[in-house]
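FYI, side chains are in, hydrogens and waters are out, and symmetry mates aren't considered; it's all heavy atoms of this structure.
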Amino acid sequence: MTTLSEDHVMSTVTTRCETAMPKKRVAIVQSNYIPWKGYFDMIASVDEFIIYDDMQYTRRDWRNRNRIKTPAGTKWLTIPVECKGRYLQKIKDTVISEPNWNRKHWQTIAHNYSRAPYFDRYRDFFQELYLTCQERFLSKINYLFLKAVCRLLGIDTMFSWSMDYRIGNDRTESLVSLCRQAEATEYISGPAAKTYIEEERFVKADITLTYMNYSGYPEYAQLYPPFEHTVSIIDLIFNTGPDATRYMKIGKR
């Protein structure tokens, strides 16, 4: 298997003081389908990555779709799921509605990236990943793809599921509770969570709260200008190959 990099790094802004306990960094995030490079930087920045799929499934979100570059602009690749009338279903309970989604996605990817510099190098890896995927649940599909891409990037972070732990009664309480059960000393969060996280609860729990910093990503030679950062990680891999982590935070340490 081709490995891109073994380097790990974190680029964040810490908001609270660290404790004297042995350090353990944890992130708690809903699973996404072939997410952008920032998602993988978060995975690489922690010791344990908890997939938070006890949360409600949200339509037109990143759980079952992502974007790639095409000559006509960015294009959504969407995994079709059963959601009509299931407004309160959780991500972990969301099932696929079309069994041939994987073949269609692979055909679209191959068509649009066949001219990328490193497509031939990684074609067999991704083709097998797609065409052998027989999972029915969205969470398991996302997990399969996340783990596969992590192997390519040299990320060996431990994965776990929120279902393996007890969940609190509200959003911040749930995060703090998960961190305590995972024996975390530091919680790594995406910057968008600043709008709802009650930071004082992490202070009371002696858990350092740190936000990811997604600014400053360098551009790379990308097919089909103009350049777009927020596309699937596969764009970076097919265009930069073994140098992919040089264009991520994990390549900056």
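Applying the ring-ring contact (aromatic ring centres under 6.0 Å, His included) criterion to Tyr217, with sequence neighbours excluded, gives Trp36. With sequence neighbours left out, Glu198 forms a salt bridge (charged side-chain N to carboxylate O under 4.0 Å, His left out) with Arg201. Listed by chain and residue number, nothing satisfies the salt bridge (charged side-chain N to carboxylate O under 4.0 Å, His left out) test with Asp164 (two or more places apart in sequence, or in another chain).
For residues 233-242, the set of pairs meeting the side-chain hydrogen bond (donor to acceptor under 3.5 Å, both in side chains) definition, not counting sequence neighbours, comprises Tyr113-Asp235, Tyr220-Asp235, Gln222-Asp235, Asp235-Asn239. Screening residues 171-194 for ring-ring contact (aromatic ring centres under 6.0 Å, His included) gives Tyr187-Phe202 as the qualifying pairs, with residues at least two apart or on separate chains.
Heavy-atom neighbours of Glu128 CD from other residues, nucleotides or ligands within 6.0 Å: at or below the threshold of 12.
Minimum interatomic distance between Ser162 and Asp54 (heavy atoms only, all atoms of both residues): OG-OD2, 2.7 Å. For the pair Ile167 and Leu178, the tightest heavy-atom approach, listed with the atom from each and the gap, is CD1-CD2, 3.8 Å. Between Arg25 and Val46, the shortest heavy-atom contact is O-CB, 3.4 Å.
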What donor-acceptor contacts under 3.5 angstrom involve side-chain atoms of residues 141-148, with partners at least two apart or in another chain?
from	atom 1	to	atom 2	distance (Å)
Asn142	ND2	Ser31	OG	3.0
Asn142	ND2	Arg63	O	2.9

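The aromatic rings of Trp101 and Tyr130 lie perpendicular to each other, with more than 60° between the two planes, well past the 30° mark.
Between the side chains of Asp41 and Tyr214, no donor-acceptor pair of N or O atoms lies under 3.5 Å. Defined by atom type and a distance below 3.5 Å, a donor-acceptor pair is missing between the side-chain atoms of Thr58 and Gln56.
In this structure, Ile233 and Tyr39 have side chains that are not in contact, with every pair of non-hydrogen atoms separated by 4.5 Å or more.
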